[in-house]
Colleague: 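Below: one structure in structure tokens.
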Number of protein chains: 2
Amino acid sequence: MAGLNQLQRQTGVALWRQIADRIRDAISAGAYDETGMVPPETNLALQFGVNRHTVRSALAALAQEGIVRAVQGRGTLIERKERLNFPITRRTRFTAGIGAQAREMRGLLLDHAEERADADVARWLRLRPGTAVIRLETLRLADKRPVSCATTWFPADRFAGIDEVYRKTESITKAFAELGLPDYVRATTEITAAHADSHDISTLELTPGAILLIAKAMNTDLDGVPVQYSISRFAADRVQFTIEN
Amino acid sequence: MAGLNQLQRQTGVALWRQIADRIRDAISAGAYDETGMVPPETNLALQFGVNRHTVRSALAALAQEGIVRAVQGRGTLIERKERLNFPITRRTRFTAGIGAQAREMRGLLLDHAEERADADVARWLRLRPGTAVIRLETLRLADKRPVSCATTWFPADRFAGIDEVYRKTESITKAFAELGLPDYVRATTEITAAHADSHDISTLELTPGAILLIAKAMNTDLDGVPVQYSISRFAADRVQFTIEN
DNA sequence: TATGGTTGTCTATATCAATAGACATTTAAA
DNA sequence: TTTAAATGTCTATTGATATAGACAACCATA
């Protein structure tokens, strides 16, 4: 058992939030699978070396997230512990990749615009800066639960109207197919992690301090010509990436 | 420019720490490369919608980390902004992968033991649970700066004494070579993110609330037989992963 | 129905976090 | 040398965080 008093004080992160993060991670790791319950508040307080009220603040935050539910007289039940697997291969597709692990997959178009490529977008899409590109802001849900939100750019001349097609099909793969691109491959993926900002906190229904896995990805057609550059922000406690070489 | 008042209040994460995280990310992203300095405290206070003292707390924390240095009368200078790139391919090697981006690479052996494979280790190494394995706890540094710490398991019969060889060579690749395995390939990598626990906070010299990128990886010999399973914990603000397909 | 174990609620107190304002000190440039 | 702009320091006040203790309410079970 881990436990002990591994908490840090006076660091700008409240003890109750550190404890909430620990318990959330422990639930994800299956530490309490035997009982399906979190240990009693007094036990946790002893384990973390804090007052019971501090533990209660942590559990209240997890209850707010829908991860646990406290029942007076019985204990604190675990409501949810899943983590979706997202394979990254040459044939990475979001909907197909996650699809088998959820009953319902959706991709919502939050916003779109035609604009000029800045230096970063131009470099990834191998265009001249200033070339017209279409930007989509999308939100992906698995079983009505937000998984990631993404900003995606396409060359405007080749994929005119992709916003409307995406809104209809809710899938990049299907949108490409309708616009005359039957197949494409993942060329490059860059993965980083960061704290969620307020925009992502609200769209992904996260709590402040939550972690994002950020994937910058570039897809090409079968001739190696870039067709899509995207920055996807995943709720780190809901997904993992797998790379098979 | 981003900015605005995207900060969250009453969430258990102090404003000064949220601001410190933002500024650290902005520095990493190269937002202040033109001047090599962070904007003046009064500007930042306006941008984040907080009191100047709050910004000063954030900058003090970054100074403590050695990322910035305040000079009275001039401004706050950026001392360090690197983010190492770690390519994940079939031929992923830590030292060679990071090596070109740092002057000095080291791999320290913190601890080692021979033990029985638990269910997780046995599954990844394709052994029967209970088979003897060697576990190494290692810390990797780039230019004396901690990058990641890792727990690594090897089949004990095939790689007896790898702890001593690793301590000498400070490299898995070299240790394998000395033990009669001239080449190996990366078979699978799983990437997740989580908050750092107190152990990793101290070994990686992080601040509480810091993010880890966690890579579970399995390497095989050229016949596809697993030779190594490792769980590496990277300081997320110091590295990014790249997957080329 | 009685009991032990659990969560829920209340009061009180001390410390940290954040705001507000004023002014000193240092640097670079006019 | 003056000035503007920047960081450094101090006091004071308010709200959030954490501790402490006591007791109520509820559940499962002996």
Side-chain angles (χ1 to χ4, degrees), chain A residues 5-23 27 32 34-64 66-79 198 207-209, chain B residues 5-23 27 32 34-64 66-79 198 207-209:
Chain A
N5 64 334
Q6 347 169 296
L7 300 176
Q8 313 278 326
R9 287 159 194 263
Q10 302 172 21
T11 59
V13 182
L15 291 179
W16 64 263
R17 175 140 296 284
Q18 296 184 53
I19 293 170
D21 293 338
R22 294 284 176 78
I23 296 175
I27 291 173
Y32 309 129
E34 289 186 14
T35 59
M37 294 173 69
V38 170
E41 294 168 355
T42 45
N43 289 23
L44 290 171
L46 193 66
Q47 183 185 129
F48 287 112
V50 300
N51 192 277
R52 181 179 154 234
H53 292 298
T54 309
V55 169
R56 284 179 59 74
S57 298
L59 292 175
L62 294 177
Q64 183 69 27
I67 291 178
V68 301
R69 178 169 52 92
V71 179
Q72 190 170 17
R74 289 182 60 195
T76 303
L77 285 60
I78 294 169
E79 296 277 89
S198 69
T207 53
Chain B
N5 64 334
Q6 343 170 300
L7 298 176
Q8 310 280 325
R9 288 161 192 261
Q10 302 172 24
T11 60
V13 182
L15 292 180
W16 64 263
R17 174 140 295 286
Q18 297 183 53
I19 292 170
D21 293 338
R22 294 286 176 78
I23 296 176
I27 290 173
Y32 309 130
E34 290 187 15
T35 59
M37 294 173 69
V38 171
E41 294 169 353
T42 45
N43 288 23
L44 290 170
L46 193 68
Q47 184 185 130
F48 287 113
V50 300
N51 192 276
R52 178 177 155 234
H53 293 296
T54 309
V55 169
R56 282 180 60 76
S57 298
L59 292 175
L62 293 178
Q64 183 70 25
I67 291 177
V68 300
R69 178 169 53 91
V71 178
Q72 190 171 16
R74 290 182 59 194
T76 303
L77 284 60
I78 295 169
E79 295 276 88
S198 71
T207 51

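Note on naming: letters A, B, ... go to the chains in the order of the sequence lines (proteins, then strands), and numbering restarts at 1 for each one.
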Colleague: Between P on D/dA16 and CG on A/Leu15, what's the gap in Å once rounded to a whole number?
Modeller: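 Going from A/Leu15 (CG) to D/dA16 (P), I get 17 Å.
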
Colleague: Distance check: side-chain N/O of A/Thr54 vs OP1/OP2 of D/dT19, anything under 4.0 Å?
Modeller: yes

Colleague: Can you check the A/Leu62 CG to C/dT7 P distance for me, whole Å?
Modeller: 13 Å

Colleague: Which comes earlier along DNA chain D counting from the 5' end, the contact point of A/Asn51 or that of A/Val71, where each point is its nearest nucleotide?
Modeller: A/Asn51

Colleague: Rounded to the nearest Å, what distance is computed from the CD atom of residue B/Gln72 to the C1' atom of nucleotide D/dA4?
Modeller: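 Atom CD in B/Gln72 sits about 15 Å away from atom C1' in D/dA4.
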
Colleague: What about A/His53: does its side chain form a donor-acceptor pair under 3.5 Å with the base of C/dG8?
Modeller: no

Colleague: The side chain of B/Glu41 lies closest to which of these nucleotides: D/dT7, C/dA20, C/dG8?
Modeller: D/dT7

Colleague: If every non-hydrogen atom of B/Tyr32 is compared with every non-hydrogen atom of B/Leu44, which pair is closest and at what distance?
Modeller: OH-CD2, 4.5 Å

Colleague: Under 4.0 Å, counting only non-hydrogen atoms across every strand here, what does B/Thr76 touch: a base, just sugar-phosphate, or nothing?
Modeller: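 Result for B/Thr76 = sugar-phosphate.
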
Colleague: What is the separation between atom CZ on A/Arg56 and atom P on D/dT19, rounded to the nearest whole Å?
Modeller: 15 Å

Colleague: If you round to the nearest 0.5 Å, how far is OG1 of B/Thr76 from CG of B/Leu62?
Modeller: 9.5 Å

Colleague: Grab the CZ-C1' distance between B/Arg17 and D/dT17 for me, whole Å please.
Modeller: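 Taking CZ of B/Arg17 and C1' of D/dT17, I get 16 Å after rounding.
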
Colleague: Taking OP1 and OP2 of C/dA28, is either one under 4.0 Å from a side-chain nitrogen or oxygen of B/Arg74?
Modeller: yes

Colleague: Mind calculating the distance between CH2 (A/Trp16) and C1' (C/dC16) to the nearest angstrom?
Modeller: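 Answer to the nearest Å: 15 Å.
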
Colleague: Any chance you could measure A/Glu41, atom CD, to A/Asn43, atom CG, to the nearest 0.5 Å?
Modeller: 10.0 Å

Colleague: Any chance you could measure A/Glu79, atom CD, to A/Ile27, atom CD1, to the nearest 0.5 Å?
Modeller: 10.0 Å

Colleague: Once you round it to whole Å, what is the distance between C1' of C/dG8 and CZ of A/Arg69?
Modeller: 16 Å

Colleague: Rounded to the nearest Å, what distance is computed from the CZ atom of residue B/Arg52 to the P atom of nucleotide D/dA5?
Modeller: 14 Å

Colleague: Measure from the side-chain N and O atoms of A/Gln18 to the backbone N and O of A/Val13, and report whether any donor-acceptor pair falls under 3.5 Å.
Modeller: yes

